[in-house]
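Below is one structure, written out as C-alpha cells; comments come after it.
Per chain, numbering begins at 1; letters A, B, ... match sequence-line order. All of these numbers come straight from a predicted model, not from anything done at the bench.
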Amino acid sequence: MRFKQLHTSSLCLLPNRTRIHAQSAAPPRRNTSDFFRSPTTKSLPEPRTKKVTDSDIVKCNIAITTHMRNGQCDVALRLFNSMPRKTTVSYNTMISGYLSNGSFKLAHQLFDEMPLKDLVTCNIMISGYIKNKNLLAARQLFDEMPVKDVVSWNAILSGYAQNGLVDEARRVFHLMPEKNEISWNGILAAYVQNGRIEEARRLFESKERWPVVSWNCLMSGYLKKKRLEEARQIFDRMPVRDAVSWNTMITCYAQNGRMEEARKLFEKSPIRDVFTWTAMVSGYIQNGQLHDARRIFDEMPEKNVISWNAMIAGYVQSKNMDLAGELFEAMPCRNVSSWNTMITGYAQSGDIARARNLFVKMPHRDCISWAAIIAGFAQNGDSEEALQMFIEMKRDGERLNRSAFTCVLSTCADIAAFELGKQIHGRVVKAGYEFGCYVGNALLAMYCRCGSIDEAYNVFKRIEDKDVVSWNTIIIGYARHGFGEEALKHFESMKRASSRAPDDAQNLMRSMPFEPDAATWGALLGASRIHGNTSLGEKAAEMIFALEPWNSGMYVLLSNLYASSGRWVDKKKQHMLKCHSEKLAVAYGIMKIPSGRPVRVFKNLRVCEDCHTAIKHIAKIVGRLIILRDPNRFHHFKDGVCNCGDYW
DNA sequence: GTAGGGTTAG
C-alpha cells in the first residue's frame, strides 16, 4: 500500500508494511490545506479550468455523506470518482458509508486501495470487521495500529461484548490507557448483553454518575430477563429519561401483555415518537385488542411503513383480510414486508388467487416472498404449483435460505415427492443447513412421509439441537410405519432427554417443551394398540384428553385398544364420546373467534358428566369463561346418554 | 462545519 504523507512526525511504519497516519492523543487540527496545496501566489490560473478549492472538496465530502445516508451508494461513488482530488476524509466517508449500507466488500476494497490511512480509517474498519462478525481481523488491525485512541479501544471492547466474550472485554477494559463514559458503558453493556445482570448491577452501583444510555442499558437488561418490576425501579430512579427510556419501558409492558401499565406510561410520556405509537399498536394487537390497536393507529400523528405493516399484520393475524386489504390499498408507500404480509395472509386464508396476484404485481421480491407463495400453494394443496414456483425461484436467482428450504421440503412431504426431496436434501447439505433444527425437521418429515424411515432416522441423528418437533416427528414416523417398538424406544429416550437438568437458561427453554403434543400421543396410542400395551395407551389417551378433549380419533383408538386387549367397549358409548368431542371441537372453534363472544355461545350449553371435564378444560384454556365455574348453569346428564340436539 | 466507538424500540 502506498501513502501520501500528511504529518511526517506522526507517520508510523506498520508491521505489515502498512503505514498509517496517526493522530496523537490531542489530534493536530487538520484542515484541508494539509491535503491540498492550494497556490499561495496567484499563479496563472488555467483558463476555463475551475480551481479546486478546499471548500469545494469539503462540499463534495458533505454531499457524499448525504448520498450515503440516503442509501445512494452509486451516486456517492460517482461523485467520489469525479473529484479531482480526494482527501482522507473523502475516503473515510465513502468507507463508512458503504459499511452503514451493508456493503462490506466495497468498503474493504476501497480500504485496500486507499493511499493513506489514518487513525479514523482504521477505527472505521475495525467497527466494520466487528459488524461483519470478523473479530479476528478487527483484533489484528487493532494490534497493528501504531497509535490507538479511546475510540479504537472502545470499538474493540464492544466487539468482544457483542460476541459474548465478556471476560475478554473486561480484560480490554482494564488495559485501556484512558476511559470515557463510552468505555464504562461498553463494559456495562458487555454484562447486560450476555445476561450477567447481577455483575452489571454491581458495576453500576460502584460508580456515582452514569449517562442516560447506561441507565437505559441496565434497564433493558432487567427487561430481557422479564424482571419488569426491577426494570421499572430503574426507570423510576433515572435522573434523566430520553425517548429510548420511555420507549423501552412502554414496549416491554406492551409485549408482556400489560397493556394497562403500557397505556398509563404512554399517556405520561413527554416524548412520543413513531416507535412509541407503534409499540402500543402492536401491544394491543398481540393482546387481541384489535379495536384499541386501530384507535391508536388512527390517532398516530405520523405513521411510517412499519406502523402500517404492524396494523396490517394485526388484521392478517385475526384473519380479517378485508380490513387488511383496505389498509394495504390506502398505504402511502409499501415495502417488501407489506407485500409479504398480505401474500401470507391471503395464502393462509385459502385465497391463493389473490396471493398469487399480489406476488406477480409486487415490485421487488425477496426470499420471504418466495417462501410465502410456495408455502401458500403447498398449504392449499397445490403442490405441483408450489414446486413449479420453487424452480422459478431458482431461475430468478433468489438464493435459497433456510425458510425456503423448509417450505419446499414440507411440500415434498405433502406430495411424497421422494426423488425431488432427495435432490433438495443434497442442496441442503451443500448449503450447510442440514444440522439446523428447522430444515432438519422438514427433511425428517419428508423422509417419514415418503416411507423412508431409515433415511429419516439418519437425518434425525444429525440434527444438532433436536426440539420437540424433531422428537415428535420421528416418533410419529416410526409409529405410522408400524415400528411400534422403535417409537416407544424413542419416546423413552425423549423422556430421558427432557428430565435431564440443563444449567444455562437457553437449554432449559429448549428442553422445556419436551412434552409430546397430541399428535405424538396419538401415534403412541396407535403404537400401543399394535403392541397391546394397554397402560401406555391409557396414559396416551389421558394426555390427549388433557390437550385436545375434542379429539375424536382418540376415543376410537382407545376403544380399539380395549377391544384388542380383550376389554369390551360399548359401541353406543363410543359413539356418544365421539359425538361429544365433535361438538366440543365446534364449540372450541367458535371460542377462538375473538372478542369474548364465547360466553354467550356457552350460556345455554348442556353437558353430560363426561363432557363436563372437557368443558372445564376448555375453560382453562380460554381463561375467562367464568360461567363454567357455576355448576348450576349446566344440565348434567346422569344416565350417560347425551342428546346432541340439546347441546346448544 | 464533512468520516470512527455506547443504549432501546416497531
Side-chain angles (χ1 to χ4, degrees), chain A residues 23 27 30-32 54-69 87-100 107 117-128 130-131 138 142 148-159 161-162 176 179-190 192-193 200 210-221 223-224 231 235 241-252 254-255 272-283 285-286 297 300 303-311 313-314 337:
Chain A
Q23 272 173 277
R30 285 172 304 162
N31 56 48
T32 43
D54 296 348
S55 79
D56 287 337
I57 298 295
V58 171
K59 272 181 202 153
C60 275
N61 289 345
I62 296 170
I64 289 177
T65 315
T66 315
H67 290 313
M68 280 302 195
R69 283 193 189 141
T87 61
T88 312
V89 176
S90 324
Y91 275 98
N92 289 349
T93 312
M94 282 298 295
I95 294 176
S96 94
Y98 275 141
L99 286 176
S100 49
K117 301 166 175 59
D118 68 357
L119 180 61
V120 175
T121 323
C122 292
N123 287 344
I124 294 172
M125 221 37 223
I126 287 181
S127 72
I130 289 170
K131 267 181 210 145
F142 178 81
K148 312 166 185 38
D149 67 357
V150 66
V151 176
S152 335
W153 283 94
N154 286 343
I156 207 81
L157 168 62
S158 87
Q162 283 163 29
M176 291 177 78
K179 299 177 178 66
N180 62 10
E181 273 189 349
I182 295 181
S183 329
W184 281 93
N185 191 72
I187 189 67
L188 181 75
V192 166
Q193 285 164 2
W210 288 88
V212 65
V213 281
S214 303
W215 283 91
N216 289 343
C217 182
L218 185 67
M219 179 173 70
S220 74
L223 293 178
K224 270 185 204 133
F235 179 83
R241 299 182 193 105
D242 65 1
V244 173
S245 330
W246 286 96
N247 285 349
T248 309
M249 200 65 228
I250 292 172
T251 307
C252 205
Q255 282 178 355
R272 285 185 217 165
D273 57 15
V274 74
F275 282 110
T276 336
W277 286 90
T278 313
M280 291 299 290
V281 171
S282 330
I285 288 172
Q286 278 171 33
F297 179 79
M300 263 176 104
K303 304 177 179 71
N304 61 12
V305 197
I306 295 164
S307 354
W308 283 90
N309 286 352
M311 195 64 231
S337 41

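- Among dG10(B), dG5(B), dT7(B), the nucleotide with an atom closest to any side-chain atom of Thr251(A) is dG10(B).
- The side chain of Val213(A) lies closest to dT7(B), out of dG10(B), dA3(B), dT7(B).
- Within the 4.0 angstrom heavy-atom criterion, no nucleotide atom of any strand lies near Val281(A).
- Nearest to the side chain of Ser158(A), among dT7(B), dG5(B), dG10(B), sits dG5(B).
- Side-chain N/O atoms of Thr93(A) and Ser90(A) include no donor and acceptor closer than 3.5 Å.
- Remark: C1' of dT8(B) and CH2 of Trp215(A) are 17 Å apart, rounded to the nearest angstrom.
- The side chain of Ser96(A) lies closest to dA3(B), out of dA3(B), dG10(B), dG6(B).
- Distance alone, capped at 3.5 Å, places no donor-acceptor pair between the Ser214(A) side chain and the Trp210(A) backbone.
- Both the sub-6.0 Å distance and the 45° axial angle are satisfied by Arg241(A) relative to the ring of Trp246(A).
- Contacts of Phe142(A) classified as ring pair (Phe, Tyr, Trp, His ring centres under 6.0 Å), with partners at least two apart in sequence or in another chain: Trp153(A).
- Using modelled atom types and a 3.5 Å distance limit, the side chains of Asn180(A) and Asn154(A) yield a donor-acceptor pair.
- Residues passing the side-chain contact (heavy atoms from CB on, under 4.5 Å) test with Ala189(A), sequence neighbours excluded: Gln193(A), Cys217(A).
- Within the 4.0 angstrom heavy-atom criterion, no nucleotide atom of any strand lies near Ser214(A).
- Ile124(A) comes within contact range of the sugar-phosphate backbone alone, with a heavy-atom separation under 4.0 Å but no base atom that close.
- Summarising the geometry, the separation between CD on Gln286(A) and P on dG10(B) is reported as 9 Å, rounded to the nearest angstrom.
- Here the C1' atom of nucleotide dG6(B) and the CD1 atom of Ile156(A) are 15 Å apart, to the nearest Å.
- Summarising the geometry, the separation between CG on Leu157(A) and P on dT7(B) is reported as 10 Å, rounded to the nearest angstrom.
- The stretch residues 179-188 of chain A touches DNA chain B through Asn180(A), Ile182(A), Asn185(A), each having a heavy atom under 4.0 angstrom from the strand.
- Remark: Gln255(A) is in phosphate contact with dG10(B), judged by side-chain N or O atoms under 4.0 Å from OP1 or OP2.
- Dashed line: the shortest gap from a side-chain N or O of Gln193(A) to OP1 or OP2 of dT7(B) is under 4.0 Å.
- For the pair Asp273(A) CG and dT7(B) P, the computed distance is 18 Å after rounding to whole Å.
- Residue Asp149(A) contributes atom CG, which lies 13 Å from atom C1' of dA3(B) at whole-angstrom precision.
- The closest side-chain donor-acceptor pair between Asn247(A) and Thr276(A) falls under 3.5 angstrom.
- Counting any heavy atom pair closer than 4.0 Å across all strands shown, Ser282(A) reaches sugar-phosphate atoms only and no base atom.
- Stacking of the aromatic ring of Phe275(A) onto the base of dG10(B) is not found under the criterion of centres within 5.5 Å and planes under 30°.
- If you check every strand for non-hydrogen atoms under 4.0 Å, Val150(A) touches a base.
- Side-chain nitrogen and oxygen atoms of Lys224(A) include at least one within less than 4.0 Å of the OP1 or OP2 phosphate oxygen of dT8(B).
- When the P atom of dG6(B) is taken as reference, atom CG of Asn216(A) falls 15 Å away, rounded to whole Å.
- If you measure from atom CZ of Arg272(A) to atom P of dG10(B), you get 19 Å, rounded to the nearest angstrom.
- At the phosphate of dA3(B), OP1 or OP2 sits under 4.0 Å from a side-chain N or O atom of Arg69(A).
- Proximity of a side-chain donor or acceptor of Asn92(A) to a complementary backbone N or O of Ile95(A) within less than 3.5 Å is not detected.
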